[in-house]
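Here's the structure, in structure tokens; my notes come after.
Owing to the predicted nature of the structure, the values given are computational and were not obtained by experimental measurement. In what follows, chains are A, B, ... by sequence order, proteins preceding strands, each numbered from 1.
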2 protein chains.
Amino acid sequence: MPTARDVAERAGTSTAVVSYVFNNGPRPVAAATRERVLQAAEELQYRPNVLARALSAGRTLSIGLVVPHIRNPYFAALAEQLEAATRQRDHLLLIGDAGGDADQERAHISSFIGRKVDGLILVSVRDQQALISLDTGGVPVVALHQMPPGSSASSLSISSVDAAREAAQHLVEHGYESIGVLTGPIGSPGTDEHLIGVRQAVAHAPHTRIEHRATPVSRYAARDLLRTWLGSQNRPRSVYCATDEQAFGVLNAAWEAGLAVPDDLAVMGGDGTQDCEVTVPPLTALRRPVADLASRAVELLLDRDPSEGPVHLTLEHDLVCRVSCGC
Amino acid sequence: MPTARDVAERAGTSTAVVSYVFNNGPRPVAAATRERVLQAAEELQYRPNVLARALSAGRTLSIGLVVPHIRNPYFAALAEQLEAATRQRDHLLLIGDAGGDADQERAHISSFIGRKVDGLILVSVRDQQALISLDTGGVPVVALHQMPPGSSASSLSISSVDAAREAAQHLVEHGYESIGVLTGPIGSPGTDEHLIGVRQAVAHAPHTRIEHRATPVSRYAARDLLRTWLGSQNRPRSVYCATDEQAFGVLNAAWEAGLAVPDDLAVMGGDGTQDCEVTVPPLTALRRPVADLASRAVELLLDRDPSEGPVHLTLEHDLVCRVSCGC
DNA sequence: CTGAAAGCGCTTACAG
DNA sequence: CTGAAAGCGCTTACAG
């Protein structure tokens, strides 16, 4: 692989000038010189070594994303939007999949920090408790969920309480006498908020029964749990899921049990990924503003002075009605 | 951020020894010295700068993966398995999403090469024609599909011809008088092979009609096409899809059209992702050996002498029967 | 507008 | 077993 030195020699100039040409600065280069450099680089097939540049300039033009599970379509969609947002800012997105494991998540974070990413976007598998001591060695972090007070990370999220309340309200308005609430594990970000929101909605509908179950955020885990739940005496008339991923499992379990959606069982998802459009039947869901989350996260990392301290923003969500809730 | 120099000073030794401790070599360190170094590193919260290490050692302990679309569950599953395989070898997996775009794919490849990845795993959006001139500047590449002869990249794939033949044979045995074949775009890797395989199967079943359609590899594109196709006079009795992604769209279109699967329309997918378990109804599919592809790909990159030239391996697939084909 | 040189934070022969 | 020093390939003040 040719280096800047090789290019400089061939162009009859110095490595400094090669650097100025490839970075459009910080100093001007005579048009003729620039031409010679470009020419030489072309001939030698020169590609700047990004590592060396990063080491000396202190910026890597990269952003790390760590998600719990890349197979979860919500996180895949997030990755896709972040890819676009970082690309627009001439940065590279590095995606790390934690595989649902806290240690693997830590390893990724640590590895990204070692690689000197310019910023880190995190959806954690760990609970609030564990996130207090998140240490990122000076790299700015944006979490896409609530963060415990005192953390140095910024956060971007929807109001899970409001969202869950609206979702439950919608089910109440349909007249369903019972609502099953399916969330991720107790302690994981958002779980409490979902329950609070649902209870708020039901406070005005005293005849509505609610029942809560938790599973890992996996369609297979959700399906397995629902097999039992739907087979029991007091199976719910409707199920609100904190995530789309779990809702997909519910749809399958209903089908297995011979229950029609929405006539026997109404179902709602909690992310609003595009996948909801093509499930059978299409899935009503709360929708998180994925594109907005992505562009705001990148802005926060790249344009904000970290010394100003963390910022916590709440973004808007909406409810997309499709067949599965009875609309 | 503390550097090796800070640690060395505090431990009363040299940066060389700090390096030996953190890399377990290449030279031995006295137990007492090692202790002091570890102690000092702990106190300072030292994390080696991976960039500097990479620049000087010439290896980054990272592998790049470029996929057409991270939202496609087959590619997400691949990423997940590769993550595990690279982790086992103490390497980091960097995931790049090409967003279905050839330029974006090129940008990712180029960026990974600039970052000096130790190897590159590629699923390309480009057709065979364009891949002839793939230039990776000495970085070893494994493609997870066929590569044009003459390319320097190795490849790992299943036999699409055999797979498609078996799938079509299965549909023929069910007695379906017509098979719709839904593939990715003409010219993209595998498209021809799928058609050849299906034709081979039908050669022995002269009364079976086949008809071919192509869409982008997207469930939404597939759904849109199927809306028309299923509404037409000669809609197929069964559809074999080259990808799961497209099959998901077909299931939805069938539901929209009021057609029961498999009684009115049998459907088969082409990747065999786990998602097929929980569609409504569960999807019969050809299954690609994802875990095997992943571990073999990493082996090829890390254990093979690149000067030996590219190698082309065909891995085993199988057919997983579920409800959607009529089993 | 351009060159010579120091420095980014590591690794690794070269000496001892 | 350990230290002093060169070098990885860039960037960027310092001079001119």
Practice task
Using a cut-off of strictly less than 4.0 Å, decide whether A/N23 has a side-chain nitrogen or oxygen near OP1 or OP2 of D/dT11.
Solution key: yes

Problem - Residue mapping more 5' on DNA chain D - nearest nucleotide basis, A/A16 or B/K116 - result: B/K116

Handout entry: Separation of C/dT11 P from A/L55 CG (nearest whole Å)
Key = 12 Å

Problem - B/E9 CD to D/dA4 C1', straight-line distance once rounded to whole Å - result: 14 Å

Problem - Residue-phosphate contact under 4.0 Å: A/T33 side-chain N/O, C/dT2 OP1/OP2 - result: yes

Practice task
Verify the contact: side-chain N or O of B/T15 to OP1 or OP2 of C/dG9, cut-off strictly under 4.0 Å; return yes or no.
Solution key: no

Handout entry: Interatomic distance, B/R47 CZ vs C/dC8 P [rounded to whole Å]
Key = 21 Å

Handout entry: Check: B/T86 side chain, B/L82 main-chain N or O, donor-acceptor pair, under 3.5 Å
Key = yes

Handout entry: Test item: B/V141 and B/I109 side chains (from C-beta on) under 4.5 Å apart, heavy atoms
Key = no

Exercise for the section: Take atom CG of A/N49 and atom P of C/dC8, then tell me their distance rounded to the nearest Å. Expected result: 18 Å

Practice task
Mind checking B/T3 for me? I need base, sugar-phosphate or nothing, with any heavy atom below 4.0 Å counting as a touch.
Solution key: sugar-phosphate

Practice task
Mind checking B/F22 for me? I need base, sugar-phosphate or nothing, with any heavy atom below 4.0 Å counting as a touch.
Solution key: nothing

Problem - D/dG3 OP1/OP2 closer than 4.0 Å to side-chain N/O of B/S14 - result: yes

Problem - B/R115 CZ to D/dG9 C1', straight-line distance once rounded to whole Å - result: 15 Å

Problem - Check against salt bridge (charged side-chain N to carboxylate O under 4.0 Å, His left out), A/R47 and B/D135 - result: CA-CA 12 Å; A/R47 316 193 198 211; B/D135 169 30; 3.1 Å; yes

Practice task
Give B/V29 one of three labels, base, sugar-phosphate or nothing, depending on what nucleic acid heavy atoms sit under 4.0 Å from its own.
Solution key: sugar-phosphate

Problem - Complementary nucleotide for C/dG16 - Watson-Crick or wobble, under 3.5 Å - result: D/dC1

Problem - Closest to side chain of B/A57, choosing from C/dT12, C/dC10, D/dT12 - result: C/dT12

Handout entry: Separation between the C1' atoms of D/dT12 and D/dG16, rounded to whole Å
Key = 16 Å

Handout entry: Integer-rounded Å distance: D/dC10 P and A/R53 CZ
Key = 9 Å

Practice task
Output, in order, the C-alpha distance, side-chain angles, deciding distance and verdict of salt bridge (charged side-chain N to carboxylate O under 4.0 Å, His left out) for B/D97 and A/R87.
Solution key: CA-CA 11 Å; B/D97 177 4; A/R87 159 172 306 279; over 6 Å; no

Handout entry: Gap between atoms CZ and P, on A/R27 and D/dG16 respectively (whole Å)
Key = 14 Å

Exercise for the section: Check the distance between C/dC8's P and A/L51's CG and give it to me in whole angstrom. Expected result: 17 Å

Exercise for the section: Please check if any side-chain donor atom of B/S307 sits under 3.5 Å from a side-chain acceptor atom of B/D305, or the reverse. Expected result: yes

Handout entry: Shortest side-chain distance from A/S19, nucleotide among D/dT12, D/dG3, C/dT12
Key = D/dT12

Exercise for the section: Answer with base, sugar-phosphate or nothing: what part of the nucleic acid does B/A4 contact at a heavy-atom distance below 4.0 Å? Expected result: sugar-phosphate

Practice task
May I ask you to say what A/V50 touches in the nucleic acid, namely base, sugar-phosphate or nothing, with a heavy-atom cut-off under 4.0 Å?
Solution key: nothing

Exercise for the section: Scan B/A30 against the nucleic acid and name what it touches under 4.0 Å (heavy atoms): base, sugar-phosphate only, or nothing. Expected result: sugar-phosphate

Problem - Test item: side-chain donor near acceptor, B/H69 and A/E80, under 3.5 Å - result: yes

Practice task
Establish, with yes or no, whether the OP1 or OP2 oxygen of C/dC10 is under 4.0 angstrom from a side-chain nitrogen or oxygen of B/Y20.
Solution key: no

